[in-house]
Structures are given as structure tokens and as C-alpha cells.
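Read through the structure below, which is laid out as C-alpha cells, and then see the notes.
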Number of protein chains: 4
Amino acid sequence: MARRRIDKTDAILKAAAKIFAVNGFNGAKISEIAKEAGVADGTIYLYFQNKEDILHTLFRSTLEDFVGRLKERLQQAKSPADALRIVCEHWFGFMEENVYLAHLNLVELREHISGERRKKLNEYIWPFFEIIEGIIRQGIEDGSFRPGLDIRHTRRLIFGAMDQIVASWVVSGRKYSLTALIPSTCEFIIKGLQK
Amino acid sequence: MARRRIDKTDAILKAAAKIFAVNGFNGAKISEIAKEAGVADGTIYLYFQNKEDILHTLFRSTLEDFVGRLKERLQQAKSPADALRIVCEHWFGFMEENVYLAHLNLVELREHISGERRKKLNEYIWPFFEIIEGIIRQGIEDGSFRPGLDIRHTRRLIFGAMDQIVASWVVSGRKYSLTALIPSTCEFIIKGLQK
Amino acid sequence: MARRRIDKTDAILKAAAKIFAVNGFNGAKISEIAKEAGVADGTIYLYFQNKEDILHTLFRSTLEDFVGRLKERLQQAKSPADALRIVCEHWFGFMEENVYLAHLNLVELREHISGERRKKLNEYIWPFFEIIEGIIRQGIEDGSFRPGLDIRHTRRLIFGAMDQIVASWVVSGRKYSLTALIPSTCEFIIKGLQK
Amino acid sequence: MARRRIDKTDAILKAAAKIFAVNGFNGAKISEIAKEAGVADGTIYLYFQNKEDILHTLFRSTLEDFVGRLKERLQQAKSPADALRIVCEHWFGFMEENVYLAHLNLVELREHISGERRKKLNEYIWPFFEIIEGIIRQGIEDGSFRPGLDIRHTRRLIFGAMDQIVASWVVSGRKYSLTALIPSTCEFIIKGLQK
DNA sequence: GATGAATGAGGGTTCATTCAT
DNA sequence: GATGAATGAACCCTCATTCAT
């Protein structure tokens, strides 16, 4: 029973990820998600409160998973610069494995249907931002990075650079390898922080 | 007559910029735009084909204006690094002066109601991207920037970094000065390209 | 223009009265009302806020009309007993002329979808109740009716008796004359108050 | 087995009475009734054909019970007027003891989702009406009441008066004693019939 | 008999677009 | 050209009922 419950939740989330990614949140129809998930329209409401709840759950669960794995990997980081490299690798790799999420991140995390929604979705990505900010702080402390860097501002610069690479890759139709761009992306970022 | 035509077109575009920015494309109602512009609902359809046409015209005209002014300013650039500084200043300044556009850029340029729409909207920003790419190319040629930089990839890194700063500023409710962040942003970008 | 507005409002109200009466409030579909009124579904929302607003307007306007005419007629009343006779005549006559309203009164004024709705609908009938209470008060004062009658309680007894006659007539399919029952109804009521 | 069957039937009916009373027929959810009754949703359909069947059974069984007890009590009536007093006492007392039924009577006996439903529900109250009509007939015969009274019409007047008192009491939130109103109610009714 | 997860039909409401004036 | 009343397609969500276990 519990098993089944999880199966359907997953099926719906997976279907939603696809439909949201293709059509955006507003363009996605519940009936389409249901069809894709192989359940009846009403069934969705046994597992989620409403359309928005699906989106939130999708973000939360995926990002929690992402952050959890990232933290593990980061334990092997030898330096702040190395840690940033791991972050970039992980982010790009994660996006390649979860293209739908990449779409969603691109589209919905930034969309602005109501300030409220944006705020909640932003909450879910905060743990990731905190990781980056922690690395910057450490880099400043151990002298790897310039003193005087504003932590938050710098985190935005780093995330923005990485994110734009993902966004362009998504918009391009993913015609090239994202992971191949890790070295040059990291070089730009790390150089931008040094000295 | 022609004069009047332009007046109304402008009034509608101005109204649309405001309404789109506040409510997003999907959330904006034609009737609200009409009211804000001081015309009847139906009048809008004498000047634009449909709701989407308004958005496209808005982007195109605003970005054309932006690029035109930027090009003028860039004639005084003393070096590629200086040119990038001017680009950043101009972009941030432009966003501060056109908050509505900043919102729109944040929201709609990235939204993805249909791949089709995104593609068209991206077209309008291309001239701006070409300017940045031209600066990078020049910087590589005159030795200011690292050789071996991939022009397009680098442009994305630069734009992504700048853009994230704007995005965060918008999301924050514009509670701080955007232009104050120009120096630290440029330092990150330029250092990222050097050596 | 104003004329048209009134025409449509009336057409919708008339259609709604019919559809509500036949199907009840919950059973009535907006699309049916629209069809009956000869307008598009959406047009209804240009004239009314929502389905409930139609019901309220229907009650309010009809009862206002009813009370207005009743007050005029009552000016010719020669005694409290005569006034009650006029009230009964008017109520029964009104119901015969507005069968749909009779249905509605029977059905919706009493229905209990939410306490809120009932309360509002009851408000509209209050002016009628006040008229009856005024007559009772006067009858006690001039000695026509028993002293010691509780005004409110007595009004309920009177209204209840009359109303049940209407209700039975509606339920029967209106196979007999309602006005023919005025004398016997009034006799019961007036005798019930005297001595 | 048979015993168990009755237990569950009763539990469901009792739960339904409560839920119907609070929410009305349309507003009541099968799942709520099931929860209140402590059974599964599907179980209800082992005991009743559908939602409407529950309502019918509820009315029939409750009113049968009511009429049965009333008949017993009426054997001690000393006169038609006394009998009417007993009827009123019993009706008011019954309503006070079965508030849920009072609500239901108020709401659903009169509701009119389909003429069909009303007709059936009315059937269940007929035995009560017949008792009242019998008393009137007897009163006319023994000279207690006016000759020439129309039996059916008079029954409606009596029931209407009593019922309105109950209805107002229910709507008021039952903030006062219903049984306290028996004397004045009976005085009105009996005076209305005499001479 | 009992369960409760699953079903899917049904409807109020919004709003981009049209067109008679 | 300008108006704005009218249109009607589109969609999320509820809940009575079913049926596999």
C-alpha cells in the first residue's frame, strides 16, 4: 500500500516535471499530467493539494536530493576553489540528468505569477545558495579569494554565471555537452575571485 | 494622423510595460492595459495583432533603444575592459531607469510558455549579446583577455553574472542601489577574463 | 445603451427565476440560464458578479417591488383585520403572478446551503415581516386583537399559515386557484388573533 | 449478522442526520458521513443505494417513529382541541429532541432539487398530516370547530403556523425554548378554528 | 462483508478577441 | 478610427460511485 502510494506520487511528479517543462506552469493542464502519469485527473488530488503543490513538491524534493548529494561530495574538497569546481560539476551534471528540472528552474523558479510563489520556490534553492556562500567565506578566510568580497553579491555572480550556461544550453535544445563546459566556467569564476 | 497613431502606440506600450511587469504576461489583462493606456479594449487591436504582439514590440523597441545608446557610449571606450565596464554601467543604469523592463526581462524573457515565444524574444536581445561578444573578441586580440576563451561561452558567463545581480535586485524589491554594485561586478568579470 | 443594459439584466433575471425554480439553486447551470436568456455564458458576468448574486438580486428586486405595492394598497385599510386581508390578498396574488418566485421562495429562501446565504435572503423579506408586525401592533392597540400577543411570534404564526398554503399550492402543481383560498385563510388568521 | 447489519445501518443514518443537518443534502459528503459513522466510504453502498436513499430512509424511519409515538399519546386526548395541543407538544418536543431532523425538515423537506425528490419526501410526512386532518374532522363533527372548514386547507394552516415557529427557532440558532411557545401557538390555532 | 484508492464527469468563471455601432 | 458590449472556449477541482483486494 505504502509502496503503491510512493509509486503514484513519483509517477505524477515525473509526469508533472515533463509537462511543466514543456508548457510552463500556466500552460500545463492537470488532465495532461494525469494522462502522462497514467492516472485519472481526480487521482492527482489524492496525492497533492492542487496544481501549485505539485510544483512545490517537485522543486523541494529534487533540490533536497541535489543538496544532499552535493554535501557528501564536498567532504572531499581540498580547497575552496576545488569546492567550487565540485559545485559546478554537480550542478551541471545534475541538470544533464534532470533536464526537466533544468527547464523548470529556467522557467518557473524565475517566473513571477505572484511574488508569493516565487518566494516559496526560492526557499527551496536557498540551501544550495548557502553552500556556495560558505565556500566563498572559507576562501576569503584562508586567503584563496580576495578579501573584501561581499559574500552574497559574490554568490550571485557565481550562480548567475553558471546558471546562464545552463539556460543557454536548455534554450539551444541541449545540442552540446554541458559537462564539457565545466573547466572553462570554473576558470572564469575562480579567476574572478582570486588575488 | 500618423502622429496620433504613434501617440496611441506609445501609450499602449507604456501601459503594457507596467501591467506586464506587475502581473506577468499571463496575469496581465488586455482590459487593464487598455484602461491604463486610456483607450478602449478594442482599440488595442487596431495597433497590435494580439497580446503577444504587444510583448514582442515592447521588447524590440526597448532593446533597440538600449543598444543604440550603448553603441554611442562605447565609442569612448579606451580598452576592452573599459568597454565591459560601460556595458555593465549601461545595463544596470538602464534597468534602474526601466524597472518595468527589468521585471519583464526577469520574468518573460525567461518564461517559456512556448518555445516559440522564447525564441522570438531572444532574438531581440541578440544585438546586445553581439556587442559583448565583440568586446571579448577584441580583448583577446589585443591581449587584454586570455587567449583561448570561447567567445559565446564567455559572453554567457558575463551576461549571466550581470543578469543575476539584476534579478536579485528585482526580487529583493529594489531595496538597494543597483549601480552601487557596478564596481564589484566588473572586477569579478574582468578578473575572470584576464591573464 | 442604458436601455439595453436593463433589457439584458431583466432577461437574465427572468431566465434565472425560471431555471432556479425548476432546478433549485445548486441544480441550475449558468449555461442554462444564459441559453434561456439568449445570451452567452460570459455575458451574465457582465451583469452579475456570480451565480449567487443573481439569486440575491432576484429576491431583492422582486420583494422590493412587492412591498412597495403592498404599502400603497394598505393605505386604504379600514382596520387591522382589513389590513391583514389586504396582505393575504396581495401575497397570494403576487405568488400567482410570479410563480417562479413562489417556487424560489419555497425552495431557496429556506434552503440552507450556508447560514450566510439564508441570512442575506432573509434580509430581503424583512420589510414584509415588518409590515405584518406593524399591523399586529396596531390591532392590539386599538383592541381588535388580544392583548398580550407576542408580536414576533404572532407574525410567524400568520406568515407560516399563509406560506404553507402557497407551498402546498406550488407542490400540487398549481392545479387550483390560490386566490380562492383567501377568505378561509384570513378567517383562520383573524379569528386566531381576536378576543 | 442481521444484528450487525442493523447496527451499521443505524450508525450510518445517525451520522447522515448530523452531516445533512449541518451541511444540507448537497453540501454533505459521503466521505464525511462514512467518517462520522466509523465505516469506509464504500461500506455505505452496501447498506444504501445512493446518497438520496440515505435521506429517504432517514425521513421515513424518523417520521414513522414520530407518528407511532404520537398515536399512542393521542389516545389520552379528551377533545379535538386537546388533541391539537398534544400534536403541537409532540411536534415541538420532537424537534427539540431531534434538532438534526428539524434542520432537515427545514431544509430538505422543502428543497426542490427535483420535483421527484420532494414528492417522495412528502409521502413520509403524510401520516402526520392525516392525523391532523382526522382531528379537524372530529372537531367539526362534535361541534368544537366551525362547520364548513375545508379539512385539507385547514390542516395546512395549522401545520404552516406550527412549522414556521420551528423554522424561526432553527434559524435563530435555537436560542430560546421551543416548548415554551406551545401555549401561545395552540391558542392561535384553536381560536382560529372555533365558533 | 469491508475497505478506500481510484475514477471521471461536471460546472462556475475568466478573459482574449470580435464586431456592430 | 474608436468603442466596449458580447462572445464562448478553456480549465481546475470536487465528490458520488465503483471495484480490486
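Every chain is numbered from 1, with letters handed out A, B, ... down the list of sequences. None of these values were measured; they are calculated from a predicted model.
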Checklist entry - Is the shortest heavy-atom distance from the side chain of C/Asp41 to the side chain of C/Lys35 under 4.5 Å? => result no
Next on the checklist: Do C/Leu13 and C/Phe48 make a side-chain contact, defined as non-hydrogen atoms from C-beta onward lying under 4.5 Å apart?
Outcome noted: yes
Checklist entry - Going through the checks in order, is the side-chain contact (heavy atoms from CB on, under 4.5 Å) test met by B/Tyr45 and B/Ile30? => result CA-CA 10 Å; B/Tyr45 289 86; B/Ile30 288 288; 3.8 Å; yes
In whole Å, I'd like the distance from the [atom1] atom of [X] to the [atom2] atom of [N].
X	N	atom1	atom2	answer
D/Glu32	F/dC15	CD	P	9 Å
C/Ile44	F/dT7	CD1	P	10 Å
C/Ile33	E/dG12	CD1	C1'	11 Å
D/Tyr47	E/dT3	OH	C1'	12 Å
C/Ile12	F/dT7	CD1	C1'	13 Å

Checklist entry - How far apart are the C-alpha atoms of D/Phe59 and D/Tyr124, what are their side-chain angles, what is the distance that settles it, and do they pass the ring-ring contact (aromatic ring centres under 6.0 Å, His included) test? => result CA-CA 7 Å; D/Phe59 266 96; D/Tyr124 307 142; 7.1 Å; no
Item to check | Nucleotide-resolved protein contact map, nucleotides 13-19 of chain E, B/S/- at heavy-atom distance under 4.0 Å | outcome: BBSSBB-
Next on the checklist: Looking at D/Val39, is its backbone amide N or carbonyl O close enough to the side chain of D/Thr43 to form a donor-acceptor pair, meaning the two atoms are under 3.5 Å apart?
Outcome noted: no
Checklist entry - Is there a donor-acceptor pair closer than 3.5 Å between any side-chain N or O of D/Asp65 and the backbone N or O of D/Ser61? => result no
Next on the checklist: Does E/dG4 have its OP1 or OP2 closer than 4.0 Å to a side-chain nitrogen or oxygen of D/Lys35?
Outcome noted: no
Checklist entry - Where do A/Glu64 and A/Arg60 land on the side-chain contact (heavy atoms from CB on, under 4.5 Å) test, with the steps shown first? => result CA-CA 6 Å; A/Glu64 272 173 7; A/Arg60 190 176 43 239; 3.4 Å; yes
Checklist entry - For B/Ala40 and C/Ala40, take the nucleotide of DNA chain F holding the closest heavy atom to each; which residue's nucleotide lies nearer the 5' end? => result B/Ala40
Checklist entry - Tell me, what's DNA chain E's dot-bracket, Watson-Crick or G-U with both distances under 3.5 Å, | for other-strand, [ ] crossing? => result .||||||||||||||||||||
Item to check | Test log, rule side-chain contact (heavy atoms from CB on, under 4.5 Å), inputs C/Lys51 and C/Phe20 | outcome: CA-CA 10 Å; C/Lys51 199 180 170 186; C/Phe20 280 154; 4.2 Å; yes
